[in-house]
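The block underneath contains the structure these notes are about, expressed in structure tokens.
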Amino acid sequence: MKQFAIIFLLGFILFGCVKDDTVTSFIELNEITISGLEQKYSVLLQSRLQIAPEITTTQNDDSNLSYIWYLHKTNAAVSKDTISFERNLDVVMIPQYAVPGVEYTLIYKVIDNISGVYSRIETALEVTTPYTKGTLLLCKENGIPELNFLIYDENRTLVDNVFAKANEGTRIGDNPLNIYAMDPNPLRLYMKKVFVACNNSTGGYYLDPETFEIALPFNEGFEIIPEENPISTLFYKKHGQIEYILMNGKVRKRGTNSGAFNWEIPCVFLEGETDYQVAPFILPYSGRTILYDQKNQRFFKHEPWNKGLLIPMEATEQGKEVFDPNHVGDNLELISWGKETGNVGDFWMLMKNTITQQYKVYKFNITYDFATRKQLFYSKEIIEINESIAPNLYQANSFSSIEAENDILMYSTKNKVYSVNMNQLSSGSSAMVEAEQIDMSVSNFEITKMEYVAVQVPDPTKNDPNQMRNANQIRMSVIDNNLTSLKGGISIYEVSSQGGLHSTHVFTKTGFCDEVIDIEEKYN
Amino acid sequence: MKNLVLLIMLAAGLYACSLNDPMIYDEKPSVYFADFSDNADSLVYSFTTTAYDTATINLRVKLLGALIEDRMYSVVINPESTAEEGKHFDALNDTYTYTAGQTTVNLPIHLNYSPDLDDNTVVLSISLVANDQMDLGYPDKITARILITNQLIKPVYWDYPFSLYFGVYSKVKHQICTDIMGHDFPLTLAEARFWNNSYTAYGYWMHAGRLAAVYFAKNKVYDENGNLINTWSPF
């Protein structure tokens, strides 16, 4: 028994023995260095992407290396796709790998098969189609609406009739109004569309942003199909977490950040007059959404952002002294508005009396009152505009201002574009504030429409051939009277304030349609 | 030597193992109500939701255990019931068939409209009872209370989420909303979410809510308690 116990205990002791696996010899690693990749690659869909990186190793031996190329969406690294196991990348970029309009990260990994040590490098990747980036032109030719596209290449190549080519036998629709390149939520690709707004029974079409094929009639993109006929959308804007359309005089929204594609039913007033007719503008106010009711001549706001309530603006008695935001005047039409240099919340508004045709500028302030936790309206002054102040204003047919730029109103007559600095206007002053920006008469051109917009334009560098920069541009739809047919076209000028506000010619192209109705940049 | 020690220790360990008793249900099969409990009224039915004078509601009965052949389960009407047999509901059978192979069966209750329901709500309280073929399942899930009326019933989902669209509940508001929409609110939230067979039915309720909000903004209306129905911020 004693012997048995000793043997038993010995068994336990033996369990304490372990084999010593300590490594005493060391392997020198064959360290890998990767170079020769650019910071960003841009490739056309269905074309080849070829990259030949330079690989150096400390032992000058690449016989035991393996390679892998893979990519993922830059904003969502959950799903990764392997596209090659070759040293050099040479693949056709198919939609299964990557699609246009999305930012990707391309990773190249080189592995030493002996040690398992690897080196990896990342680069940005962008997939495009001929229609990914460029300028959309909504036009008319022989009375028929059509879509043309100016590619962002050296020659600004015009691709004609892209809608007709993509949608055989279908017309854009009667009474085209505007074109919008919508991409409100990069995480929800299904919301990315080109919207051609028409004044007709469907309201226009949503188009596929890469092919311009019809995706959906506009009137089918609503929670409840609108009863209005015709449907007329005069304004679209992304504002914070939601988007707005001003359609048939009513405010509609959709929850962009939550990925809601369908437009809701119109927002409603519960105070004062419940019927309204919104002017096609949203005030460039960084807080609440503030609009103007043309029917009742009042300011109002949409609050809170996630509900359907419209509320008249509030003002103290002092704030209403010059004019009342809930009844600005009679027979007034809002022409344009914008921010004014001065106090935070200062704005100007150009109004036209539809009876007398008189133009007036209304200046006001909107300030957040912490005590009441509301935006309060303060009227400041009303300035009559006569011909001594702005001699050509009364001949103007287009008016425009940029949301992010203070003070500047641009307007165009038949041949010329003028600017007015609203900050220079004051009651009682009759000094001329109008400045001529562009004279198209020297080219024998007429201006049919003018917009003053903030855009991004290509600004390629050696390191980044796809770099863009911000620019303020005057974009005109023109008639080239030097031609005998297809006189329509566009002319673009860039505006700078250095050394005084002035405009520099960028690009003109005519002879491809009868009339350009709207111009829109497409960035992805 | 080491192996011998290992072998001895293993043998000692294995000796501790014993056969586990199989854990299977070997009691008499039992029944219980799938959706109801003692804690609340089971179901509210209002004839305002239908154009007919009769209606059939089905109470789901579930099985605890297994059946290899059909069996009968029993029900009784509890004394607390104020609904009258023949007037508010058709007489119940003493027993109903539980079909073998089914995890759930329906117990049909046939209801009848009566003019006294215009101003009153009656209660039909039914309990499952054990018999020689089937026992009772969970003891707190054997009784169903059905409230029967022809009055407007506050939808169980009004406080959430429908208050987002329609504000605070009142019977007067309920009736006016019904008039505006042309129909009453559905009985369950599941029906409301899939109203008109649409997966985006919330757009419909948003529309109705805003119409209702505008109505009460334009019209001064008092609820059944004499309080002014205030407007709300509609979703």
Side-chain angles (χ1 to χ4, degrees), chain A residues 1 3-19 190 219-228 242 250-255 258-276 288 300-312 374, chain B residues 1-15 160-168 170 173 176-177 180-183 192-221 228-235:
Chain A
M1 187 58 191
Q3 284 176 341
F4 179 78
I6 290 170
I7 291 169
F8 192 79
L9 286 172
L10 199 61
F12 277 108
I13 292 168
L14 286 173
F15 271 117
C17 300
V18 293
K19 185 181 171 193
Y190 58 84
N219 66 333
E220 292 183 16
F222 288 78
E223 287 298 331
I224 294 177
I225 292 180
E227 294 176 348
E228 294 93 327
I242 55 180
K250 299 294 182 283
V251 179
R252 291 179 183 253
K253 67 177 180 72
R254 64 180 181 182
S258 60
F261 182 84
N262 290 336
W263 297 98
E264 296 171 9
I265 58 162
C267 296
V268 295
F269 273 98
L270 300 183
E271 288 176 54
E273 285 291 328
T274 54
D275 191 21
Y276 66 98
R288 294 284 178 263
F300 66 97
K301 56 185 177 178
H302 171 231
E303 182 176 66
W305 64 268
N306 61 336
K307 293 197 175 182
L309 190 59
L310 303 175
I311 303 173
K374 292 177 182 175
Chain B
M1 184 62 182
K2 184 173 169 182
N3 289 339
L4 178 63
V5 169
L6 263 174
L7 198 63
I8 292 168
M9 290 175 71
L10 192 63
L14 285 173
Y15 191 73
Y160 186 80
F162 268 44
S163 61
L164 292 173
Y165 306 118
F166 296 96
V168 174
S170 69
K173 179 187 284 188
I176 290 174
C177 289
I180 292 171
M181 295 187 299
H183 59 81
R193 280 183 174 149
F194 199 55
W195 189 251
N196 282 340
N197 297 320
S198 167
Y199 284 105
T200 59
Y202 86 89
Y204 175 82
W205 300 114
M206 180 187 293
H207 173 66
R210 290 185 190 179
L211 287 179
V214 171
Y215 176 88
F216 288 105
K218 287 183 174 178
N219 300 280
K220 195 178 267 189
V221 181
L228 179 67
I229 298 178
N230 292 314
T231 57
W232 61 96
S233 181
F235 197 69

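Throughout, protein chains are lettered first and strands after them, A, B, ... in sequence-line order, and every chain is numbered starting at 1.
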Looking at A:Lys250, I'd like to know if its NZ atom is crowded, meaning that more than 12 non-hydrogen atoms belonging to other residues, nucleotides or ligands lie closer than 6.0 Å. yes
Give, for atom CD of A:Glu264 and atom CZ of B:Phe235, the distance between the pair rounded to the nearest 0.5 Å. 7.5 Å
CG (A:Leu270) and CZ (B:Phe216) are apart, to the nearest 0.5 Å, by 11.5 Å
Atom group of A:Phe269 that falls short of 4.5 Å from chain B, counting heavy atoms: backbone
Compare every heavy atom of A:Val268 with every heavy atom of B:Arg210, then report the nearest pair and how far apart it is. CB-CG1, 4.1 Å
Okay, A:Ile224 and chain B: the region with an atom under 4.5 Å from a heavy atom over there is side chain
Minimum side-chain heavy-atom gap A:Glu223-B:Met206 below 4.5 Å: no
Could you go step by step and tell me if B:Ser233 and A:Glu303 meet the side-chain contact (heavy atoms from CB on, under 4.5 Å) rule? CA-CA 9 Å; B:Ser233 181; A:Glu303 182 176 66; over 6 Å; no
Counting only heavy atoms not in A:Tyr190, do more than 12 sit closer than 6.0 Å to its OH atom? yes
